[in-house]
Amino acid sequence: MDKCREAFEKYIRSQSGFTSDFQIGCNGQYKSDLMHFMFVMWQEQQQKFDELQERVDAAIFLLPSIRDENDLWGCDQVDRQIELLEQALKGGEV
């Protein structure tokens, strides 16, 4: 079973107490149309989340170079804004 399907089924069980065996048809889809629809939506949301995570990681990667450039100019206010941005991107309180 792929990781996405495994995570989906674990989440459904934890949220709803659903104890079905998540039967898969010969076409590789869930036999239940509702379960298939929920899984497709799960995959779509997971893809959006993954893309967002990549953007956050890219922004965090750029912060040190922005900080290095800022150090050349010696502007404390910009440095503080960079620190706040870094905290926000990492999920900390600002």
Side-chain angles (χ1 to χ4, degrees):
M1 178 185 315
D2 66 58
K3 296 271 186 194
C4 187
R5 190 180 297 266
E6 187 177 311
F8 166 73
E9 291 181 8
K10 181 178 179 181
Y11 176 78
I12 294 298
R13 283 188 184 102
S14 73
Q15 295 301 308
S16 66
F18 187 73
T19 58
S20 177
D21 60 351
F22 297 91
Q23 295 179 1
I24 305 291
C26 60
N27 60 1
Q29 297 178 354
Y30 288 104
K31 286 184 177 180
S32 162
D33 289 340
L34 177 60
M35 191 62 67
H36 174 69
F37 174 76
M38 291 188 326
F39 181 58
V40 169
M41 292 299 103
W42 172 273
Q43 289 176 306
E44 186 176 314
Q45 293 305 310
Q46 186 63 43
Q47 181 180 4
K48 289 179 183 179
F49 175 80
D50 292 344
E51 289 171 3
L52 178 61
Q53 183 65 47
E54 289 175 13
R55 290 178 186 179
V56 169
D57 289 345
I60 289 173
F61 178 78
L62 290 174
L63 286 175
S65 63
I66 295 170
R67 181 173 282 119
D68 290 345
E69 280 187 35
N70 180 57
D71 287 345
L72 293 174
W73 299 100
C75 183
D76 291 334
Q77 182 62 28
V78 173
D79 195 45
R80 178 65 182 141
Q81 294 299 317
I82 292 170
E83 288 176 14
L84 292 173
L85 176 60
E86 187 173 30
Q87 287 175 351
L89 289 170
K90 289 181 178 179
E93 291 188 28
V94 180

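Any value given below was found using the heavy atoms of this structure, including those in side chains, with hydrogens, waters and symmetry copies removed. As the structure is a computational prediction, the values presented were derived from the model and not from experiment.
Taking all atoms of both residues into account, the shortest heavy-atom contact from Arg5 to Ile24 is NH1-CD1, 3.0 Å. Contact detail for Gly25 and Lys31: the closest heavy-atom pair is N-CG, 3.7 Å.
Applying side-chain hydrogen bond (donor to acceptor under 3.5 Å, both in side chains) to Tyr30 and the options Glu9, His36, Gln23 leaves one that passes, Glu9.
Ring geometry, Trp42 versus Tyr11: the interplanar angle falls from 30° to 60°, so the pair is classed tilted.
Geometrically, Arg13 does not engage Phe22 in a cation-pi contact defined by less than 6.0 Å to the ring centre and at most 45° from the axis.
Taking 4.5 Å as the limit, some side-chain heavy atom of Phe8 sits within range of a side-chain heavy atom of Ile12. Proximity of Asp57 to Gln53: side-chain heavy atoms (C-beta onward) are separated by under 4.5 Å at one or more points. The closest side-chain heavy-atom distance from Glu44 to Lys48 is below 4.5 Å.
When the side chains of ILVMFWY residues are joined at heavy-atom separations under 4.5 Å, either directly or via intervening members, Val40 and Met35 end up in two distinct hydrophobic clusters. Put simply, Leu34 and Phe39 are part of the same group of oily side chains (I, L, V, M, F, W, Y) that touch within less than 4.5 Å, one to the next.
Through direct or indirect side-chain contacts shorter than 4.5 Å among Ile, Leu, Val, Met, Phe, Trp and Tyr, Phe49 is connected to no other residue.
To the nearest 0.5 Å, atoms CD (Gln43) and CE (Met38) are separated by 12.5 Å. To the nearest 0.5 angstrom, Arg55 atom CZ is 6.5 Å from Glu51 atom CD.
Within a 6.0 Å sphere centred on CG of Asp50, other residues, nucleotides and ligands contribute more than 12 heavy atoms.
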